[in-house]
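Excluded from the calculations below are hydrogen atoms, water molecules and symmetry mates; all remaining heavy atoms, backbone and side chain alike, are included. For ligands, and for the atoms within them, numbers begin at 1 and follow the listed sequence. Residue indices begin at 1 and follow the sequence shown. The structure presented is a predicted model; accordingly, all values stated were derived computationally and were not measured.
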Amino acid sequence: MLPNLIGGKWRQPRGCPALPLYNPATGEVIEHAPLSPEADVAEAVAAAAHAGSRWAATPVMERTRLMFNYKALLERHFEELAAIVTRNHGKTLEEARGEVRRGIEMVDFACAAPTLLQGRTLRAVNTAIDQDYYRYPLGVVGGIVPFNFPVMIPLWMFPLAVVSGNTFVLKPSERTPLGAIRLAQLFAEAGFPDGVLNLVHGAADTVNALLAAPEVRGISFVGSEPAARHVYQEAARHGKRVQAAGGAKNHIFVLPDADWELATSAIIASAFGNAGERCLAGSVAVGVGGAAAQLTARLEQAARKLRLGCGTDPGVDMGPVVADDHRRRVLGHIERAADQGAHIVVDGRRPEYVDRPGFFVGPTIVDRVTPAMAAGREEIFGPVLALSQVDDVRQAIDLVNRLPLGNMAAVFTGSGSTARQFRDQVECGMIGINVGVAQPLAFYPFSGWKSSFYGDLHLQGSDGIDFYTRKKIVVSRW
Ligand code: NAD
């Protein structure tokens, strides 16, 4: 059973159930993750609180120097981290490398702490009076992460939090916790003091214990919409600052004047990259103004060429989904789409996909999907691309704006004015213009809107620094 990290010591939780962890490409059990009891959460929070005052008083330059050490270690262990992601999550090694790179970029960003943590000063606001603000850490921060980016998403959180002077309790995904363990080991090797980063395995009960712990001042969460809503409400009820990024249903529109080669390859990568288990996955591709027939034909042809297999095998485009229960959910969605009248263009349920060992679903395209159907509204989080059509850009914008989720929307067009209209009128926080996955890099906020995000300050970028610090205003007369 995997150990928790509490105050610098790796400890087995006692007397609690554990969940099996799988290699999704083979279906083999590779480890067990404990569902840690409340007592372990309390000890981790106490260890973080104990380490907190000394860590907050550690000079910024020392905290930054340790972050540079961490960056160097992550680079040295880059391939090892990618291999862990592939083994525990199933994505291809190439995709895992991309994830690790995006995660390390958050550490690069955190290394700018001496600039990022600066306050502001206004001299002579009145006769002999100056005003300044300084940034102070919150104290103990809790981080709760999803299964789909087991290295990148923890790195969205704790590097920025700790370089800002906070201490941290990380609750990894109960399905993919192996990456977080290696991140925590390397963090200790970089020289960070005991208790600055703690790690407690578990699921909803463990999270709820963290949300209720009085010493925890802030909560960073990434996961599905219902869990994000719950965490936001519950953390707020306990008086905590919270940022909670939730689910998505991303639409990608293609106009007849688009660059078709670019649009086709970008939509295929968006829908089937990471086996569709990505909050920025294009989930519905929509032909605008007569583009639908060509869109269907091109996507069908491209999807049929995708090679499915074990993520470590060369030449594989798409790995398995994370777990068998998740695979059954995805297959259920395909079934339901067919029952509701959608036309299955490419069927990922074929025996060559689903009868092999591991948790595979083939790339699937379902056409004639409407917003009234589950496939047009609900997040599937698997390799299933729905196709639909609208008459014009106005209808495209309305289609997105009627959805409760608002993570990403994208448009492929050769018209600057259409792109501009789309950018300005679509109610989503991340917009792709001739780009299929509109991922903000570390220095920009990961900016979900509507029910894709609960809170005020997003993860990453200057929002991240604002979230992990509070401002103190000093008014002085001399
Ligand atoms: P999930 O919501 O099942 O789990 C996420 C985390 O929340 C896990 O650590 C889990 O233990 C915990 N959790 C789950 N249910 C809970 C509950 N009722 N109470 C308290 N804690 C709970 O999500 P997942 O299946 O691991 O990840 C996939 C989801 O994450 C998708 O919906 C995806 O869109 C979303 N996601 C969003 C972003 C983003 O930035 N918006 C990024 C990645 C993934």
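With a heavy-atom cut-off of 4.0 Å, Pro146 touches ligand 1 through backbone and side chain alike. Only the side chain of Asn148 comes within 4.0 Å of ligand 1, counting heavy atoms alone; its backbone N, CA, C and O stay farther away. With a 4.0 Å heavy-atom cut-off, ligand 1 is reached by no atom of Glu277. Counting heavy atoms under 4.0 Å from ligand 1, residue Arg175 touches it through the side chain alone. At a 4.0 Å heavy-atom cut-off, ligand 1 does not touch Leu459 at all. At a heavy-atom cutoff of 4.0 Å, ligand 1 is contacted by the side chain of Phe446 but not by its backbone.
Here the shortest heavy-atom pairing between Pro34 and Asn4 reads CG-OD1, 4.5 Å.
By the salt bridge (charged side-chain N to carboxylate O under 4.0 Å, His left out) test, Arg175 pairs with no residue at all, sequence neighbours left out. Annotation: salt bridge (charged side-chain N to carboxylate O under 4.0 Å, His left out) contacts of Arg336 (sequence neighbours excluded): Glu378.
The shortest contact between atom 35 (C) of ligand 1 and any protein heavy atom is with Gly223 O, 3.0 Å.
Ligand 1 has no atom lying under 4.0 Å from any heavy atom of Phe149. Ligand 1 has no atom lying under 4.0 Å from any heavy atom of Gly448.
Here the shortest heavy-atom distance to atom 23 (O) of ligand 1, taken over Pro150, Ser224, Ala203, belongs to Ser224.
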